[in-house]
Amino acid sequence: MKHCNINSLKGLWIIVFSLIIIPLHAQEHTNNRAKWFTDARFGMFIHWGIYSGAEGVWKGEQIRHDNDYAEWIFYRNSIEKEEYLSLLDRINWNEVNPEEWVILAKKAGMKYITLTAKHHDGFALWDSKVSDYDIADQTKDKRDIVAELASACRKHGIKLGLYYSHWVDWAHPYGWNHSREIYPLTDEQYDEYWQQKVIPQMRELLTNYGKIDLIWFDMWIHHSESIITKDQLVQLKSLIRELQPQCLVNSRLGLSIEEDSDVDFRTLGDNQLGEDKLEYPWQSPGTVAHSWGYHRNESQWKSTTSLLKALIGNVSLNGNYMLNIGPRANGDVPYEISQRLLDIGQWLKINGEAIYGSGAFDLPKDQHDWGHMTYRVTDNHTHRLFLHVYNWPLSNRLPVTGINTEPKKVYLLSDKQKAPLPFSHNQVFTEIMLPHLHPDNLASVVVMEFDSKPDITSDLVAENTDGGFSLTPGNTISEEGDFKKTSKQKYGTIPSHLEISGTYKTLWKVFIDKPGKYSLDVSYSYQANESGGAICIKAGKNVIKQTFSPTGLTVGEPNENWHIEKFMSPETGTVKFTEPGIYEISVRIESDNEPIHFQYIWMEKQ
Ligand code: JFZ
């Protein structure tokens with residue numbers, strides 16, 4: 001018994017304390033001008049330019065890089081600047097109509113558009129007086145794509161953003177070009193590019209096209225690692241503030257929000273989805289397949305469901321998602337893209353309330369295995385918690401852990417009548433009875449409605465859809481002792497786990513809704529020749545003590561002479577919970593000479 005005492009609650013106090021000082025929900029550092037952006041949540045990115053005519057192929061050769069971003073063909077295949085212009089002949093100007101992109105965005109439920117006004121190839125899609133490497137100087141039609149898009153956006157009530165490659169410019173003799181790592185540029189030369197192209201072109205874009213809602217810069221390293229100076233970046237940002245004070249600026253300007261809070265939102269890496277709630281607005285740029293610009297040999301199409309989950313997941317962490325289209329040289333949007341966008345638009349028509357103007361709820365992210373939650377307070381002060389159920393439970397019951405307040409009502413967001421769904425509520429646990437059929441093929445949304453902000457208990461391990469509990473090092477309340485965290489190895493054949501040499505103590509809390517007998521299975525690997533070490537589990541009034549049996553090895557991959565330690569999850573014992581309620585489950589593991597590789601505990605009702 002002595003072994004089971006958790007005598008230090010230090011870890012617990014650290015958690016309690018951090019809950020007090022870290023505001024959980026509010027995005028404290030949101031500039032006023034960014035309010036529309038955090039409401040909008042979903043935007044369209046457009047990569048279209050000369051490269052769209054190449055379609056990822058130059059002189060019969062596919063782009064020279066496995067990361068085949070078609071818009072990089074100029075650089076990757078070392079194309080001459082003048083010869084590259086020949087691709088303009090492939091653009092079918094009669095068919096190109098930016099309004100169609102705007103209409104597609106509208107149908108997809110997207111609220112803003114960001115067009116590559118100038119990508120790394122340095123070619124301007126507007127009539128630029130600053131450079132002759134622009135659409136007006138190089139085509140007979142002299143179209144101004146920025147102007148056309150701007151007026152279509154205004155017509156359809158879509159916010160307008162412009163992508164401007166400020167750092168990289170392959171067309172200007174002194175713009176940054178990665179081959180400058182071999183053939184260097186002087187700071188003076190770079191500043192000539194900056195003062196003669198970047199600043200005056202940005203002035204054109206911010207002066208001649210009405211209101212610009214955001215500028216999307218694209219430098220993915222910090223300015224200190226680049227040729228750009230902080231002064232140049234500040235000069236650029238000041239120009240924006242002078243000409244369009246309401247225009248948003250993203251962190252790929254090369255300045256982080258931490259460094260300069262006047263930067264409005266953080267841009268994550270390409271296709272990088274959110275992992276944490278942030279204190280300021282943020283966005284993931286995403287592709288439907290791999291390339292941004294149109295690539296004729298594209299093959300990695302993501303499913304509509306995974307794109308939608310990316311959007312929901314980001315919103316559940318207060319983030320945005322800007323999904324890219326790479327139209328062809330005649331303006332056509334590939335079917336694989338438009339179809340997915342239209343399907344997402346249909347979903348948003350029904351479920352948009354759970355996305356636009358909605359955001360994170362205070363429970364831990366990924367706490368529930370069935371999906372994600374978003375949250376909003378309506379104009380008439382109703383509090384709505386949206387449960388985005390990705391996988392409709394076979395049992396037709398949805399366990400929700402951690403909400404203390406009993407909901408006033410539960411219903412499906414897709415149900416216009418808002419017919420109530422039956423549910424039971426017990427202390428911190430709600431069990432919702434779902435209809436047999438899921439209402440939506442992509443993600444079904446269940447609404448829990450409250451009169452005031454629901455109280456929560458945020459330190460519980462949630463019951464999963466199978467009715468069990470995964471007690472892992474990731475959802476523990478406290479842990480201490482002699483252990484090393486190991487992430488998954490060898491393609492995940494060895495799962496992430498703790499390597500315990502000495503003593504390890506940890507603690508979880510669960511809510512038991514259905515009293516009775518529960519089994520506890522411990523997943524571990526132990527490489528000694530005979531049993532050893534010890535585990536002691538205390539759950540409510542029950543105590544389980546066990547030693548570890550050797551688990552031996554397994555084959556990681558057949559015929560590759562690849563042998564790895566085997567993780568097994570035998571039943572270690574059973575416990576009895578007599579009453580519904582919150583229970584602490586404390587565990588102490590001790591190793592002998594050989595370390596214990598501990599993965600997690602699975603607890604399930606018998
Ligand atoms: C950049 C561009 O090079 C690319 O062509 C496209 O426009 C994309 C949206 O942005 O590519 C990047 C930028 C950042 C990272 C990777 C590729 N990053 O942070 O990992």
Side-chain angles (χ1 to χ4, degrees), residues 43-56 58 62-77 79 84 87 101 110 112-125 145 161-172 175-181 198 214-228 248-258 263 265-275 278 282-295 298 300 302 307 310 314 319-327 337:
M44 175 183 273
F45 209 173
I46 304 177
H47 277 67
W48 188 83
I50 297 186
Y51 46 81
S52 311
E55 308 190 340
W58 177 250
Q62 176 125 341
I63 186 166
R64 281 180 211 150
H65 198 295
D66 289 342
N67 181 22
D68 47 2
Y69 279 181
E71 70 281 4
W72 273 68
I73 196 141
F74 181 116
Y75 180 77
R76 297 292 190 204
N77 289 39
I79 303 175
Y84 181 64
L87 289 168
W101 303 335
M110 292 157 155
Y112 56 104
I113 294 182
T114 303
L115 169 75
T116 49
K118 187 195 92 170
H119 201 263
H120 303 335
D121 62 9
F123 189 80
L125 293 184
I145 298 298
L162 297 175
Y163 171 113
Y164 186 88
S165 179
H166 60 320
W167 171 44
V168 176
D169 188 307
W170 299 320
H172 193 280
W176 183 253
N177 178 315
H178 287 84
S179 59
R180 290 293 181 185
E181 290 177 16
V198 177
L214 72 86
I215 297 287
W216 210 93
F217 293 110
D218 197 2
M219 178 165 69
W220 53 92
I221 57 176
H222 190 257
H223 59 79
S224 59
E225 301 167 64
S226 80
I227 192 163
I228 298 191
L248 307 188
V249 175
N250 72 336
S251 61
R252 279 200 201 170
L253 172 66
L255 282 178
S256 64
I257 298 183
E258 288 86 349
V263 169
F265 66 94
R266 175 160 169 206
T267 301
L268 304 193
D270 297 2
N271 287 306
Q272 183 192 359
L273 302 177
E275 285 180 9
L278 298 176
W282 60 273
Q283 171 180 267
S284 305
T287 48
V288 178
H290 177 75
S291 182
W292 299 84
Y294 181 76
H295 193 312
E298 185 63 81
Q300 304 170 41
K302 292 162 198 154
L307 297 171
N314 275 10
N320 284 27
Y321 190 50
M322 184 162 75
L323 186 55
N324 180 70
I325 66 169
I337 294 182

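What's counted below: heavy atoms across the whole structure, side chains too, no hydrogens, waters or symmetry copies. Every number for a ligand or one of its atoms is a count from 1 in the order of the listing.
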Practice task
Go through the steps to decide whether Trp170 and Tyr84 satisfy the test ring-ring contact (aromatic ring centres under 6.0 Å, His included), and finish with yes or no.
Solution key: CA-CA 11 Å; Trp170 299 320; Tyr84 181 64; 8.1 Å; no
Completion exercise
Given the options His120, His65, His295, Trp72 meets ring-ring contact (aromatic ring centres under 6.0 Å, His included) only with His120
Hey, does [X] come in under 3.5 Å of ligand 1, counting only N/O atoms on both sides?
X: Tyr69; value: no
X: His119; value: yes
X: Trp216; value: no

Handout entry: Which segment of His47 sits under 4.0 Å of ligand 1 when only heavy atoms are counted
Key = side chain
Relative to the heavy atoms of [X], which atoms of ligand 1 are at a distance of less than 4.0 Å?
X: Asp218; value: 1 (C), 2 (C), 7 (O), 8 (C), 10 (O), 13 (C)
X: His120; value: 2 (C), 3 (O)
X: Trp72; value: 2 (C), 3 (O), 4 (C), 5 (O)

Problem - Nearest non-hydrogen partners of Gln62 and Asn77, listed with the distance - result: O-ND2, 3.8 Å
Problem - Shortest non-hydrogen contact from Asn250 toward Phe217 - result: OD1-N, 2.8 Å
Provide, to 0.1 Å, the distance between [atom] and the closest protein heavy atom, together with that atom's residue and name.
atom: atom 4 (C) of ligand 1; answer: Glu71 OE2, 3.3 Å
atom: atom 8 (C) of ligand 1; answer: Asp270 OD2, 3.4 Å
atom: atom 13 (C) of ligand 1; answer: Arg252 NH1, 3.0 Å

Practice task
Nearest 0.5 Å please: distance from the CH2 atom of Trp101 over to the CG atom of Leu115.
Solution key: 6.5 Å
Problem - From CH2 (Trp292) to OG1 (Thr287), nearest 0.5 Å - result: 5.5 Å
Problem - Short N-O contact, Lys118 and Asp169, less than 4.0 angstrom - result: yes
